[in-house]
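Here is the structure we will look at, set down as structure tokens.
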Amino acid sequence: MLLIHCPYCDETLPEAEFAYAGEAHISRPADPMALSDEEWRDFLFIRTNARGPHYERWRHIHGCGRFFNALRDTVSDRFLTTYKAGEERPAEAKLEAAE
Amino acid sequence: MSRYRIPGMGRVDPAKPVSFTFDGKPYTGLRGDTVASALLSHGVHLMGRSFKYHRPRGPVTAGSEEPNALIGTSRGPGRFEPNTRATVQELREGLQAESQNKFPSLKFDIGAVNDRAYMLFSAGFYYKTFMWPRSFWDKVYEPFIRAAAGLGKSPTEVDPDTYAHRNLHTDVLVVGGGAAGIQAALVAAKSGARVVLVDENPEMGGSLLSDPAVRIDGRGSWAWLAEQLSQLRAAGVTLMTRTTAIGYYHQNFVGLVERVTDHLDQPPSGAPRERMWHVRAGQVILAQGALEKPLVFDGNDRPGVMLAGAAQTYLNRYGVKVGDNAAVVTSHDSAWYAAFDLVDAGARVSAIADTRDHVRTDLVDAARKRGIEVLTSHTATATYGRLRVKAVRVNPVRHGQVGAGRKIACDVLLISGGWTPSLHLFSHTKGSLSWDAESRTFLPNHKTEACQIAGAGRGLWGYGPALEDGARAGLAAVEALGRTSEPLAARVEGDRPGTGAIQTELPTDRSAGKAKAFVDYQNDVTAKDIRLAVREGMRSIEHVKRYTTNGMATDQGKMSNINGLMIAADALGKEPPQVGLTTFRPPYTPTSFGAFAGYHKGATFELTRKTPIDPWAEANGAVFEPVSLWRRAWYFPKGTEDMHAAVARECRATRASAGMFDASTLGKIEVAGPDATEFMNRMYTNPWTKLAPGRCRYGLLLGEDGFIRDDGVIGRLSQDLFHVTTTTGGAARVLNMMEDYLQTEWPDLNVWLTSTTEQWATVAVNGPNARKVIAPLVEGLDLSDETFPHMSVAECTVAGLPARLFRISFTGELGFEINVPSRHGLALWKAIHQAGQPYDICPYGTETMHVLRAEKGYIIVGQDTDGTVTPQDAGLDWAVGKAKKDFVGKRSLQRPDIVAPNRKQLVGLLTEDGTKLEEGAQIVLDPNQTLPMTMAGHVTSSYDSTALGRPIAMAVITGGHGRMGETVHIPMPNGTVKATITSTNFYDPEGERLKA
Ligand SMILES: [Zn+2]
């Protein structure tokens with residue numbers, strides 16, 4: 001059972017309160033109809049599948065209900081940081097150095 | 001007093017005899033005994049048969065790592081447990097224990113013929129022997145393997161016991177209550193930190209319990225132990241015995257299983273059998289000691305062959321002499337001390353054969369003083385005896401040459417191949433181990449969690465170093481938590497330091513290929529098997545493990561992993577770390593399913609959601625079905641009606657006059673705010689801008705991939721308020737999807753989403769007389785077709801209750817859905833039921849709802865769609881707002897594979913001979929094609945239709961919309977069924993009845 005920090009509640013809470021919501025920083029195109037089939041395919045299906053630090057979304061579904069972003073290492077399953085939706089992605093190098 | 005019990009020794013209580021049975025024979029042990037120690041006190045070593053060869057086996061350890069002495073225990077119906085370790089199970093009055101894997105009896109076992117067929121069962125035998133022919137698997141090989149192999153029998157009755165789950169938060173968790181753990185806990189507690197100390201044994205003390213002669217701080221070790229424990233209690237430390245730390249997870253989360261009642265003669269009523277603790281600790285101190293390894297040589301598994309440390313434990317802790325005449329084969333100093341203790345207690349030890357050339361002179365002197373013959377530079381090459389060891393064959397080794405063998409008579413053979421630091425929990429956290437070339441062991445290296453490792457786990461040996469290291473670890477832990485404490489020193493006299501040599505299988509003068517030199521006792525893996533695996537190309541220890549099953553038994557290789565690795569490394573000519581170490585995984589010891597399940601069983605396995613109308617349904621004889629977590633009325637049988645008859649009657653009554661249905665489980669979401677219309681336009685396929693307040697529309701929700709996710713009728717109550725309904729099972733998913741888009745893609749929209757599923761009770765009234773039924777109850781609304789046509793919604797009063805009234809239909813009949821606040825749901829239902837009596841109103845359940853909707857071709861998302869169905873596929877193109885610039889999934893509707901021809905499309909099916917099709921049945925276009933046939937689709941819905949007087953079905957069929965009137969074929973076990981493709985709208989295709 002991981003402990004996850006919700007940046008909205010500013011509380012570190014058990015994993016059971018949260019739901020994973022896929023890779024982060026993939027914005028829905030403003031005009032999907034303007035995209036080629038290949039561009040749209042990439043938006044729909046192509047993901048980083050990172051081995052190591054991974055920017056991803058979580059939802060505090062059994063808490064405040066907010067979606068937020070996290071940087072989690074997929075090898076160690078360790079959360080390097082969490083941050084609010086819409087915020088700049090933090091540099092992973094800096095976070096790893098701070099480990 | 002039993003024959004092998006030594007009065008005055010051990011921690012058992014001679015004044016408290018305990019009776020039990022083993023394979024039906026009565027025995028008496030003492031309070032404090034395990035089943036193993038009690039049986040050994042009667043000279044019984046034979047306790048089981050091995051897994052593959054059915055070889056006779058006795059206990060080789062005195063602890064939870066025991067691979068051989070597995071028994072079934074029982075205490076009445078449902079309370080049978082297989083594969084219990086006799087070395088762990090405490091004696092309780094009336095305990096019934098039985099040996100396993102034997103037929104007809106433990107002493108004469110027919111399966112032991114496997115032992116003669118040794119060559120057949122070598123490494124990889126499953127892969128090689130049972131490959132061909134394939135048809136033999138089900139009939140011959142598998143039954144044979146299952147009958148021949150296997151441990152205990154699974155219990156067949158429901159477990160009547162309860163199992164508890166608890167949370168525990170602490171500053172410091174110490175795992176292991178031996179010398180190091182006790183010192184660590186004491187130092188940590190003196191800092192003021194909350195400390196929990198756990199140990200899997202019935203009492204704290206670890207190896208101190210087996211070493212009473214050692215003196216610490218001027219006292220005997222047992223007196224010192226008692227004093228430390230009282231100090232720990234005084235310092236507020238929580239002491240938990242019979243508690244195994246089974247797994248160590250992220251962020252210092254440790255799972256403990258506490259065995260609460262298995263040791264009690266009479267468990268108190270209501271007490272849980274086991275309790276699982278979910279511990280979150282600031283710091284974890286692992287003081288789990290080390291596990292002794294056997295030596296690997298021919299016949300090292302005969303009953304009476306036992307680890308030297310185990311013999312020492314049986315003697316000192318239980319007062320049981322494991323034999324009268326012992327011999328010792330060892331590569332480690334510790335076995336010498338065990339031999340000394342046995343002699344001092346009155347047993348005879350004829351010889352100690354040590355593999356090493358040089359042994360400490362003080363040990364040699366102490367042995368000779370006790371009349372023990374000392375044989376250095378020796379190997380063991382055989383044992384003798386059938387159900388109990390009678391002799392061991394030892395040979396001198398000079399310059400790598402094994403000399404002539406010599407038989408030494410013995411009734412017990414003590415062996416020791418040294419000790420392995422117990423780092424299982426540390427490995428659970430992916431803490432890395434590094435190979436220490438000097439001690440030839442793996443020691444903890446890089447940590448991933450906030451933990452300390454103390455004592456033998458770090459390769460330290462002897463009480464002095466363990467006590468000192470425990471105190472150091474306790475201090476390090478509290479300092480990491482920002483606290484301070486005092487160092488703690490202890491003075492040890494008569495310590496038993498020791499070193500040893502690590503061996504592969506011992507050298508022999510006989511054919512190594514014929515030796516049954518066991519590495520993994522439980523899985524019957526021999527040294528020869530491991531060398532064979534290497535010869536056959538296995539290079540990594542992970543492959544060797546899977547090929548030979550070494551370390552894959554219930555003891556997870558606690559004793560076999562390192563010996564297996566040493567042999568594999570030797571065979572490969574590499575250093576052990578280059579061959580690798582297998583991964584330790586939780587649980588540390590076998591754990592009952594009950595402990596994991598906890599309270600989540602029976603009625604509390606998952607919650608049951610009930611609607612406000614549920615009590616009426618129950619009182620009126622409804623048969624229920626689960627729908628996601630809801631319990632819904634399925635049908636309402638009358639008298640002796642079966643389901644078929646009841647559903648037919650409900651369908652008829654509804655289409656003839658009026659039916660009523662509890663639709664409260666429908667998901668409901670309120671979409672409110674100035675931008676509600678824009679939000680709805682973006683989420684759903686349909687256009688919403690022009691939908692006037694007071695009107696409804698069927699809404700279709702796609703995923704961004706263009707496939708149908710959900711549907712439901714949506715009513716517009718005002719400019720800025722939509723009442724959205726979803727499928728029963730989809731409610732939470734749809735709200736999550738809406739929240740996702742609203743929060744992360746369109747934060748500019750001023751919209752609020754609120755789940756109102758539980759807030760509204762919903763009653764659907766359908767049938768030609770539906771209006772007449774409800775009209776007398778409705779106030780403030782004209783229900784006529786002119787002012788309140790199909791697809792209208794209004795707020796009004798129904799039966800004196802505030803209501804949202806929809807004129808919609810999921811049956812094809814004139815229909816209304818009345819929503820009232822949940823607390824009024826039952827009152828509304830009763831009022832409608834009363835008002836409907838003149839029209840013989842018929843309460844119906846979900847099955848009738850399904851039939852009626854299928855007759856109209858209305859889809860059920862998740863039944864007629866499966867996540868690969870587009871609006872076009874489902875014939876719902878009309879629900880897609882083509883003029884809208886964008887909505888979720890719109891772009892995907894133009895993807896090449898979505899516009900491709902011959903996608904599976906939803907159609908109706910009518911069988912030629914009136915057979916009712918099976919849902920899920922596969923459909924083919926040509927029944928005469930060769931196997932395997934090309935599937936053209938499958939049946940999604942199938943019902944007996946009362947209205948049509950025949951069965952109807954819906955199906956997805958490739959290119960189905962273009963195949964109207966064509967015949968397809970459904971091959972079934974009893975012959976192929978022919979069916980004609982039709983529209984899905986089977987009943988009243990013009991929709992006249994809606995307008996009634
Ligand atoms: Zn939150």
Side-chain angles (χ1 to χ4, degrees), chain A residues 1-5 7-8 12-16 18-46 56-69 72-80 83-87 99, chain B residues 165 167 169 247-255 278-281 429-432 446-449 682-683 702-707 732-733 735-748 752-755 882 884-900:
Chain A
M1 177 82 69
L2 297 170
L3 295 174
I4 300 174
H5 184 82
Y8 292 96
T12 301
L13 297 158
E15 185 185 350
F18 298 84
Y20 179 69
E23 187 169 355
H25 300 292
I26 298 173
S27 294
R28 188 173 190 274
D31 183 7
M33 300 308 284
L35 267 57
S36 70
D37 284 340
E38 289 69 30
E39 288 167 331
W40 184 247
R41 173 203 64 198
D42 289 354
F43 162 72
L44 278 183
F45 303 122
I46 306 303
E56 61 194 24
R57 307 182 325 135
W58 285 77
R59 188 181 180 205
H60 192 190
I61 188 162
H62 299 300
C64 65
R66 300 299 297 267
F67 284 83
F68 59 89
N69 294 329
R72 183 181 60 96
D73 189 312
T74 61
V75 176
S76 67
D77 210 12
R78 186 181 295 268
F79 278 81
L80 302 174
Y83 53 102
K84 292 177 180 175
E87 287 181 0
E99 273 269 283
Chain B
H165 277 188
N167 290 310
H169 295 265
Y248 186 174
Y249 305 89
H250 290 299
Q251 290 157 305
N252 271 4
F253 185 75
V254 179
H278 297 160
V279 183
R280 190 73 72 170
T429 67
K430 285 199 174 285
S432 67
H446 179 70
K447 294 189 280 195
T448 65
E449 294 290 334
R682 294 185 191 182
M683 287 303 302
L702 308 183
E704 205 67 270
D705 53 15
F707 298 127
R733 219 163 35 234
L735 181 63
N736 188 63
M737 182 174 164
M738 287 182 172
E739 281 286 351
D740 192 350
Y741 278 90
L742 183 60
Q743 288 184 32
T744 68
E745 299 292 353
W746 310 317
D748 53 309
W752 292 267
L753 303 171
T754 309
S755 165
K882 311 271 182 321
K884 287 204 295 182
K885 190 169 164 294
D886 191 17
F887 56 81
V888 173
K890 179 178 167 76
R891 175 64 185 82
S892 286
L893 298 181
Q894 291 174 18
R895 283 172 51 217
D897 48 332
I898 301 280
V899 297

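Order of the sequence lines fixes the chain letters, A, B, ..., with proteins taken first and strands second; residue numbering starts at 1 for each chain.
A salt bridge does not link B:Glu739 to A:Arg66: none of the charged side-chain nitrogens sits closer than 4.0 Å to a carboxylate oxygen. Note on A:Arg28 versus B:Asp886: salt bridge recorded, some NZ/NE/NH1/NH2 to OD/OE distance being below 4.0 Å.
Rounding to the nearest 0.5 Å places CZ of B:Arg895 at 8.5 Å from CG of A:Asp37. Atoms OH and CD, on A:Tyr8 and B:Gln743 in that order, are 7.0 Å from each other to the nearest 0.5 Å. With rounding to the nearest 0.5 Å, the separation of NE2 in A:His25 from OG1 in B:Thr744 is 11.5 Å.
The side-chain heavy atoms of A:Asp77 and B:Gln251, taken from C-beta on, include no pair separated by under 4.5 Å. A:Arg59 places none of its side-chain heavy atoms less than 4.5 Å from the side chain of B:Asp740. Taking the side chain as every heavy atom from C-beta outward, B:Lys430 and A:Val75 never approach each other to under 4.5 Å. With a 4.5 Å cut-off on side-chain heavy atoms, B:Gln894 and A:Met33 count as touching. Counting heavy atoms from C-beta outward, B:Tyr249 and A:Met1 have side chains that stay 4.5 Å or more apart. Using a 4.5 Å heavy-atom cutoff, the side chains of A:Ser76 and B:Thr448 are not in contact. Side-chain atoms of A:Leu3 and B:His250, non-hydrogen and from C-beta on, never get closer than 4.5 Å to each other.
Neither the backbone nor the side chain of B:Thr429 comes within contact range of chain A, judged by heavy atoms closer than 4.5 Å. Within the 4.5 angstrom heavy-atom criterion, only side-chain atoms of A:Leu44, from C-beta onward, approach chain B. Contacts of B:Glu745 with chain A are made by side-chain atoms alone, with heavy-atom separations under 4.5 Å and no backbone atom involved. Heavy atoms closer than 4.5 Å to chain B are found in the backbone of A:Ser36, but not in its side chain.
Put simply, the side chain of B:Arg891 gets close to the backbone of A:Leu35: a donor and an acceptor are under 3.5 Å apart.
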